[in-house]
Structures are given as structure tokens and as C-alpha cells.
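Heads up: the structure comes next, in C-alpha cells.
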Amino acid sequence: MPELPEVEVVRAGLARHVTGLAVNAVAVHHPRSVRRHLAGADDFAARVVGEQIVAVRRRGKYLWLPLSSGDAVIAHLGMSGQLLVRPFDAPTELHLRVRLGFADAEHDLRFVDQRTFGGLAVSRDGADLPAEIAHIAPDPLEPAFVDEVFRQRLRRRRTGLKRAMLDQTLVSGIGNIYADEALWRAKLHYARPTETLRRPEVDRLLLAVREVFAAALRAGGTSFDALYVNVNGQSGFFDRSLEAYGRAGEPCSRCGTPIRREVFMSRSSYFCPRCQPRPRRARW
DNA sequence: TTCTGCTCCTGAGGGC
DNA sequence: TGCCCTCAGGAGCAGA
């Protein structure tokens, strides 16, 4: 389940392997994977073939590849998307959705996506932040992220803390796994009303998010199964360092209380009921 | 305007 | 062995 660290690992890998290459072939194997490109698969291919990939950039969980034409290929991995650099004669993956071939290279770029929540599209705004993802807020590792702006916007919300953390228009890059991990580190309950957060608590949360992201980046990301891999098809190791997510029933490493799992927003939330006590007035 | 809940999707795993 | 059900969750959208 790719979140910021995983997407950053993919971005760095793509930057090494595809920057400067000219696309000479595009094959769309599943139309759903280009559904955000409203003009359709043929137009998607026509806009990419013949163009050179100038760079590989990221905002939150989105990637975009500016092209020599001034357009950009936008990519989101969804839950199970992979961008793989493979020898062009390597066997076809079961869930191969889109394939880009290159002139003067012995490898191709494959978008493989089991659950098809991810996808590719072409934007006309390749030079800067594409308009299609302009609503995505900066992530806490970006220089453009201003802590004070985040504090104010968070405290103006009238919702639960985890729901706010997952809102990519408020802060980007955080998904279910790292939200639980950061909340555990910051000793905050996921249903804490955002308007009741004090400044030191928001600062603690931001520090926790940055620590979790940094640790995950060092480990190459989190991988519970084969669904998250880098461009070479290798898994990360951060799942071995998780303190809360996926550890229901196991003792909290701080206090020994069993980690609890609750369903929230139709997904699992893991927390320590002692370190992260439920607020008297919870917001879901 | 803001917030909430539904929907999309596929395969693994468990129960019968 | 085969069928059915549940679970996993990012993000857009509709409705309150």
C-alpha cells in the first residue's frame, strides 16, 4: 500500500532509469488504468509516443513525469500499483496494465496494478505542478510545507484527527499505515477532535510523521506482501519496524498493553489504548 | 462550505 | 475441491 516513502523510493528509481529516454511505444492493456485521461487510451498513447521524459517528480503519493512536449504523465499507484523497469523481453506480468517502450534502451517501463485503483493520465501542465494534482497539499518533507499553516488549518477543522491526516488536501503522503504509526509515536488517539489539539500536540504529531517517513525511507518502504515493490521489483523492510499497524493483540513496546484494532472509516485503526487514550468527546 | 460515507476493484484466506 | 464471504484501502463523488 504505497504511501509517501514507498512513492519516493519509486520516484528515485524511475529518475535513475528513465530520465532522458524517448518513448517509442505505448500499450494500454486495461482502459481503467487510464480512466483519468478523459480523452481515452488512444489519445493517452498519442501524447506520450515520441516524447522524451525530462524528469520524475512527486507530490504526496502522486508522481509526474514531465515530457519534452510540455505535457506530463501523471501516475498514482493506488493500493497495488507498481512501476517496474524490466528488460523488454521479460515475461508479461499477470496484472500488466500499461507498458512504455523506449528508443535506445534495453528495458521498458510497466505499470502493473492488481486492484486497478491506481492509474496514469497525461496533463498539459508538465513544466510545473500539474493542474490535476494542484489540490494536493505539500507533504511534511517538502520545503513548501509550512508548519504554522498546517497547525491553523488542522485546528479549523471539525473532524477526527486521523480523518484529517488522511485528507490529502490538508497534508499529503500519509496513508492508513503511517497515520497509525505517527499517532502511536505522538501518543494521540485517532478520534481526537482536531479543534481541541494544542500547539505542542500538533508539533509532536508533525515530528512523529517526519520520523516515521524518514525511518521508512531508510528501510526502503513498507511491504506486507508482493503488492509494494520498487522499480526493480524489490520489497522494503519497514514493516519489521511498525509499532502499531497490524499488531493487534501484541504488547505495546512502550507500556505492554495489547495493541487494539478498531474499524474506522471502513478501514482498520491500530492503537495502544493506554498510551493513546480515547478522548471524552471523540470525532469519527 | 464542510463533512461523511459510499463506491470502485481483485485476490488471499477462512469457513463450510 | 469448490463455493461463498470477508478483508485490505486511496481517492473521487454525491448527499447531508
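In what follows, chains are A, B, ... by sequence order, proteins preceding strands, each numbered from 1.
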query = Looking only at side-chain N and O atoms, does Thr159(A) come under 4.0 Å of OP1 or OP2 in dT2(B)?
reply = no
query = So what does Tyr62(A) hit on the nucleic acid, given a heavy-atom distance under 4.0 Å: a base, only sugar-phosphate, or nothing?
reply = sugar-phosphate
query = Whole-Å distance between dG10(C) P and Leu170(A) CG?
reply = 16 Å
request  = Answer yes or no: is there a donor N or O on one side and an acceptor on the other, between the side chain of His17(A) and the main chain of Val85(A), under 3.5 Å?
outcome  = no
request  = For Asp180(A) and dA8(C), give me the distance from atom CG to atom P, rounded to whole Å.
outcome  = 12 Å
ask   = Between dC7(C) atom P and Phe264(A) atom CZ, what is the distance in whole Å?
value = 18 Å
message = Tell me every residue that passes ring-ring contact (aromatic ring centres under 6.0 Å, His included) with Phe111(A), counting only those two or more places apart in sequence or in another chain.
response = none
inquiry  = Could you list the cluster mates of Val146(A)? Members are the ILVMFWY residues connected by side-chain heavy atoms closer than 4.5 Å, either directly or through other members.
reply    = Val149(A)
query = Within this structure, what is the CD-to-C1' distance between Gln114(A) and dC8(B), rounded to whole angstrom?
reply = 14 Å
inquiry  = Please report the distance, rounded to the nearest Å, between OH in Tyr245(A) and C1' in dA8(C).
reply    = 7 Å
remark   = To the nearest angstrom, the CG-P distance between Asp113(A) and dG10(C) comes to 13 Å
inquiry  = On the side chain of Arg115(A), is there an atom forming a donor-acceptor pair with the base of dG11(B) - under 3.5 Å, no angle test?
reply    = no
query = Which nucleotide, dG10(C), dT10(B), dT4(B), lies nearest any side-chain atom of Arg97(A)?
reply = dT10(B)
key: Pairing residues for Asp128(A) by the side chain to side chain donor-acceptor pair (under 3.5 Å) criterion, not counting sequence neighbours   = none
request  = State whether His30(A) places a side-chain N or O below 4.0 Å from either non-bridging phosphate oxygen (OP1 or OP2) of dC9(B).
outcome  = no
ask   = Using the ring of each side chain (for Trp, its six-membered ring), is Phe264(A) parallel, tilted or perpendicular to Tyr190(A), with breaks at 30° and 60°?
value = tilted
query = Looking at the side chain of Arg32(A), which of dT10(B), dC7(C), dC8(B) is the nearest nucleotide?
reply = dC8(B)
task = Please work out if Arg35(A) contacts a base, only the sugar-phosphate, or nothing of the nucleic acid, heavy-atom cut-off 4.0 Å.
result = nothing
task = With the side chain of Leu94(A) defined as its heavy atoms from C-beta on, choose the nearest nucleotide among dC9(B), dG11(B), dG10(C).
result = dG11(B)
message = Between Asp108(A) and Arg99(A), does any side-chain N to carboxylate O distance fall below 4.0 Å?
response = yes
query = For Arg163(A) and dT4(B), what is the distance between atoms CZ and C1' respectively, to the nearest whole Å?
reply = 5 Å
query = At under 4.0 Å, does any side-chain N or O of Arg158(A) touch on OP1 or OP2 of dT2(B)?
reply = no
Inter-axis angle, terminal five-pair segments of the helix from dT2(B)-dA16(C) to dC16(B)-dG2(C) [nearest 10°] = 50°
inquiry  = On the nucleotide dT10(B), are OP1 or OP2 found under 4.0 Å from the side-chain N or O atoms that Ser80(A) carries?
reply    = no
note = By nearest-heavy-atom nucleotide on DNA chain B, the more 5' of Asp167(A) and Arg267(A) is Asp167(A)
Any residue meeting ring-ring contact (aromatic ring centres under 6.0 Å, His included) with His189(A), in chain and number order, not counting sequence neighbours = Phe271(A)
request  = Among dG12(C), dG10(C), dG11(B), find the nucleotide with the atom closest to the side chain of His135(A).
outcome  = dG12(C)
Gap between atoms CE and P, on Met79(A) and dC7(C) respectively (whole Å) = 14 Å
ask   = Excluding sequence neighbours, so at least two apart, what forms salt bridge (charged side-chain N to carboxylate O under 4.0 Å, His left out) with Glu51(A)?
value = none
key: Proximity to the side chain of Arg157(A) - top-ranked nucleotide from dG5(B), dT10(B), dC3(B)   = dC3(B)
